[in-house]
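Data first, discussion second: the structure below is written as structure tokens.
Model, not experiment: these values are computed from the prediction. In the text below, chain A, chain B and the rest are named by the order of the sequence lines, each starting its count at 1.
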Amino acid sequence: MSGGGCSIVWFRRDLRVEDNPALSAGVRTGQVVAVFVWAPEEEGPYHPGRVSRWWLKHSLAHLESSLKSLGTSLVTKRSTDSVSSLLELVKSTGATQLFFNHLYDPLSLIRDHRAKQALIAQGVTVQSFNADLLYEPWEVNDEQGHPFTTFAAFWERCLSMPYDPEAPLLPPKKIISGDLTRCPSDTLVFEDESEKGSNALLARAWSPGWSNADKALTAFINGPLIEYSKNCRKADSATTSFLSPHLHFGEVSVRKAFHLVRLKQVSWANEGNSAGEESVNLFLKSIGLREYSRYLSFNHPYSHERPLLGHLKFFPWVVDESYFKAWRQGRTGYPLVDAGMRELWATGWLHDRIRVVVASFFVKVLQLPWRWGMKYFWDTLLDADLESDALGWQYISGTLPDGRELDRIDNPEFEGYKFDPNGEYVRRWLPELARLPTEWIHHPWNAPEYLLQAAGIELGSNYPLPIVGLDAAKSRLQEALSIMWQQEAASRAATENGTEEGLGDSSEYAPVAFPQDVQMDEDIEPSVRAEPPRNRNHLPGPNRQFEDQMVPSITSFVRAEDDETSSDVRNSAGESRGEVPATNMNVNMNMDLDTGSPGTGVLQTTRTGPNIPPAHYNFTTGVYNGAEDSTAESSSTTSRRERDGGVVPVWSPTTSAFSDQIVGDENGVGASSSYLPRHPQSHQLVNCQQLSQTGPVSR
DNA sequence: CGCGCTTTTAC
DNA sequence: TAAAAGCGC
């Protein structure tokens, strides 16, 4: 596999030189041009928030200096279209090969597919790798070759695969640089003046960059790991791994983490240290959840905006931006929730347990549309990660087959004493409650007046009363749920009568729109985004409250035009349409438990409305033969290495008819038995010839 | 050792 | 809530 020209190594969220298969492949072929393309507009509403951009900035600087010391440098490009930038780069460098590592979020699946096609059309050899997961999503299936639909089964399988995850690769010793004279770097701007102050604080707590990530991993494994199972249920424990942002940007290889942790496990097992072993299992499980989030995203690329179990689309959300704001600002009146939200606001970080608490409160007590909450997490979390966040919010919203029940309201007071028994966490983040005795710290509304006075608390004044009482929330939730089930049943009946054509748009899932956001409006002119400072000037005055989060794209929510319609998902199709990521594909990704086959957990999709331009969910991996192209190699005897090399997750929108079933086996588009035999394990390379098989798949 | 009880914890 | 795990008898 050697070409005449140089190779482009396209860095994305794999910002490391160690165990980076794309980089290693590039180095093996000769001259390397390492490139990072910054094209936030491509991500639609999910362009990185302030803290993510801060991280990225430093991580890239770190990578750049590593590449420099190895003999090359990092070409940075500012772009609104990654693929065009790559094509230009091919021209200016004369590159004949492109290497990159896989990503699994819906936007990347599409973009990377497009990139591959476009470059192959130019005669470039493209090869992509797994650098982000222990196993590629398509490798992990049940006995029938179907993807798992519950985490436990998925993870059990991962831990008992017939082959181990790839061993981590060493960093290259030296990189021969391609000729960079004709491809000057653009200066990338990741923060504006107004953000610098807030960002400065981040540097005190975090050190982005792959070698720092590596240090963090080592430090964690040799230190807090052994106590992980004890401490992982304390809100303010400083003993979580803190690896998630490093992992999100691919600064540390999850396979390396896995191997090191397993080594530790073996030695603890030999010592009979069962607490240590349990800790390892728990930590591995959190790695497993991360794997599972990619798995879900790959198998259901709408999981960031559509509930996986369809009933939720009939849930009558409370579209109330004052609730939303109270939640964001940590002024709900529930100390644990508020402490969490203040911590998130201040630091971009939140313990996993507390994420569950605040998200659950958001969905079940406030009954705000879950995607708002997810979007806010996206904008504020340092480790914001589309796949993980989608998994988390779906879990909370009860739309995973193994998620938590939607009708069970968690009691923040109770959880407060569970995760923060001494109230230290609340006192740290809610100084106004600091003087309240622990006995009342998680339910100040019950505290005797004299105690409140002594503690300097005036409820409703310097700390709010609960904005929604739990009893009220419970009955409101019951009401909402009964409406939801009624609607769901009605819809199902309509579908079974075959009248769904007549219903048209109501069978389409239309999520509640994000609150109208000035920045979102400006999506029409992508270039505006490039310069956040100017952007800020467009914000209408009244919405720029100093106390609000200094987070681009969410600080400026204004009320949706007509809340009446957007409070009902079925009526808000028109409004919300423009808010979904620009890829504008409308596969209905709902999974409905197939009641017809009890106990089997078979999942089905519901049908999309006939008026929706359907997308074709192509699970073909690697070489781009169409779904119906049975000439694809089905060798299952190829080696591991080959398996990893040529395979690319493909999410390709086409104009073909939409499949009724995701997990079906007849039509060859499901993530089911149909794609296992088609899995082109023997293909390392994608070339022009194969491209010709790539066209839109029609059935 | 097995039986019902409480406790834990869910992605 | 509900299934599994711990636990006292």
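The aromatic ring centroids of A:W327 and A:Y376 lie less than 6.0 Å from each other.
Shown here for A:W372 and A:L368, the closest heavy-atom pair between the two residues is CZ3-CD2, 4.3 Å.
Counted within 6.0 Å of CD on A:Q478, heavy atoms from surrounding residues, nucleotides or ligands total more than 12; the atom is thus considered enclosed.
Nucleic acid contact for A:D389: none, since no nucleic acid atom lies under 4.0 Å from a heavy atom of the residue. Contact annotation for A:R353: backbone-only contact, meaning every heavy-atom pair under 4.0 Å involves sugar-phosphate atoms and none involves a base.
A cation-pi arrangement is found for A:R355 relative to A:W349, the charged atom lying closer than 6.0 Å to the ring centre and inside a 45° cone about the ring normal.
Between chain A and DNA chain B, the heavy-atom contact criterion of under 4.0 Å yields a 5' to 3' nucleotide range of B:dT9 to B:dC11.
No salt bridge links A:R427 with A:D420; every basic N to acidic carboxylate O contact stays at or beyond 4.0 Å. Using a cut-off of 4.0 Å between Lys/Arg side-chain N and Asp/Glu carboxylate O, A:E43 and A:R111 are scored as salt-bridged.
Residues of residues 402-412 of chain A that place a heavy atom closer than 4.0 Å to DNA chain B, in numerical order, are A:D402, A:R408.
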Q. What's the verdict on salt bridge (Lys or Arg N to Asp or Glu O under 4.0 Å) for A:D214 and A:R16, showing C-alpha distance, side-chain angles and the deciding distance?
A. CA-CA 10 Å; A:D214 200 55; A:R16 63 178 186 264; over 6 Å; no
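For the pair A:F151 CZ and C:dA3 C1', the interatomic distance rounds to 17 Å; values are reported in whole Å.
The aromatic rings of A:Y135 and A:Y163 sit perpendicular, their planes meeting at an angle over 60°, well past the 30° parallel limit.
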